[in-house]
Amino acid sequence: MQTLLKVENLYKSFGDIEVLHNINFEINKGDIVVIIGPSGSGKSTFLRCLNFLEKPTNGKILLNEKEMKDNLELHKKIGMVFQSFNLFSNLTVLENITLAPIKTKQLSEKEAQNEAMKLLRMIGLEDKKDVYPDNLSGGQKQRVAIIRSLIMNPEIMLFDEPTSALDPEMIEEVLTLMKEVAQKGMTMVIVTHELDFANDIANKVVFMDEGKIVETGTPTEIFKNPKTERLKEFLSKIK
Amino acid sequence: MSIVDSFYQSIIVDQRYQYILEGLKNTLLIAFFALFLGLSLGILIALIRNSYKETKKHKILNILCTFYVTIIRGTPTVLQLMIIYYVIFKQVNISVIFVGVLSFGLNSAAYVSEIIRAGIESIDKGQKEAAHSLGLNYLQLMRYIILPQAIKNVLPALGNEFITLLKETSVAGYIGIIELVKASDIIASNTYDYFFPLIIVAIIYLILTLGLSKLLKLLERKMNLHADVVES
Ligand SMILES: Nc1ncnc2c1ncn2[C@@H]1O[C@H](COP(=O)(O)OP(=O)(O)OP(=O)(O)O)[C@@H](O)[C@H]1O
Ligand SMILES: [Mg+2]
């Protein structure tokens, strides 16, 4: 299999506090990686280092074997979906989706609109195209955020707890959409506390604790046969 | 002297109302163009200072801007006006109205920049991060996402600044511009009767400032409209 993203000896500190310690990690094309771990273990920071929302203190990140630099071309290749949706509140749903492809000259205005409408139909929100984000439910916001990222045709999509800010009855619609995106072959890295979903969707699970990757494996290895005490403890607390 | 007589002497005789019209014209001219200069330059300064804060780029420009804002805010407007006219443009033959526009515009820019900067910082950083991960650059982020929201949020403060600017142009008489207050002064020094010249000019200012705040209220309402659209 082809290595898409490779992380080598990644360190990140905020001031004197070391948040990530010597992370080494590989993602193949089409992988669905789920990252789990206790609060404060560095999951978000790790994810944010992958698209330069945080600047690593040390280490290398390689995309397609080339070292990544913090530039706009690369940002386009790595999509991100946030816990708090982060839709642009001054723009309509359609404008939210088409702004980036148009302004970065990835698509013409016409193409972007057609593509956006296609994606909106896929998530059943075509009638909301002229609505502002304030008038959407949480689940609708997050689904729009996902297709806003999708339209840029990224090589990897990062998800940082995409359902944690949602009311329980809206979690399912977002998870369903994520599964659809996964089935289309998208490479995804997901931080989540939804362990059943992780078990379903992931082909690789990473357990982080105190800024380190403690255990990596298939869902079965991680959830059924945890090796380390720390993972066992974590799973017992969550279940 | 009866009140009718006083009005007649102050306004009608020798077409003295012409002074007031001239004053009104100059006041509006200076305030209008100074407002645009102040707004454009103010946004530019706000962007430079914000971009330094976020990216550590443009360090020298940022220092210059900070210095500029400090000086403008720390000295009286009338002094800035006089320095620009009597010191900086001393040797140059230049339209005094232009000096007025420049001086009040430069002054307003400092205040506007602080207002806009606060507006930019009031927008949650999530939207910036989303724009970042979509490959938008800093200027696109500001132009299409942050500034529209920031300006909407600080519109009341900007309105206050515009009204202050309009009223502050009343010191332009110090460099010989016939604006409203200077006009009333000229009339009164001919008639030795201050009542009507001052009252009329006061009423004109009141109408202008009330009109301006009405206009800004309308704009505010228009910008807020989309938030009120009910879900269909
Ligand atoms: N910008 C920052 N400045 C200083 N410390 C930070 C910053 N961001 C994160 N941290 C610290 O880094 C550590 C890891 O944070 P991070 O958000 O990556 O954890 P997490 O695993 O995502 O936790 P959670 O499950 O609560 O989201 C925490 O101790 C946090 O306080
Ligand atoms: Mg987190």
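Chain identifiers are assigned alphabetically (A, B, ...) following the order of the sequence lines, protein sequences preceding nucleic acid strands; residue numbering begins at 1 within each chain. Note that the structure is a prediction, hence the values are computed from the model and not measured.
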Hey, which of B:Leu136, B:Ile145, B:Ile146 has the most heavy atom pairs under 4.5 Å with chain A? B:Ile145

Please classify the contact of B:Gln127 with chain A as side chain, backbone, both or neither, using a heavy-atom distance under 4.5 Å. both

Taking the inter-plane angle between the rings of B:Phe98 and B:Phe89 on a 0 to 90° scale, is it parallel (under 30°), tilted (30 to 60°) or perpendicular (over 60°)? perpendicular

Below 4.5 Å from any heavy atom of chain B, which atoms of A:Met80 appear? Answer side chain, backbone, both or neither. both

Using the six-membered ring of A:Phe88, assess whether NZ or CZ of A:Arg148 lies under 6.0 Å from its centre and within 45 degrees of the ring axis. yes

Side-chain donor-acceptor contact under 3.5 Å, A:Ser89 with B:Gln149: yes

Pair count under 4.5 Å, heavy atoms only, with chain B: among A:Asn51, A:Leu158, A:Asn86, A:Ile151, highest is A:Asn86

If I compare all heavy atoms of B:Phe104 with all of B:Thr169, which pair ends up nearest, and what's the gap? CZ-CA, 3.6 Å

Cationic tip of A:Lys12 within the cone over A:Phe14's six-membered ring, i.e. under 6.0 Å and within 45° of the normal? yes

Cut-off 4.5 Å, heavy atoms of chain B, and the answer for A:Ile78 is backbone

Scored by heavy-atom pairs under 4.5 Å with chain B, the best of A:Leu99, A:Leu74, A:Leu53, A:Thr92 is A:Leu53

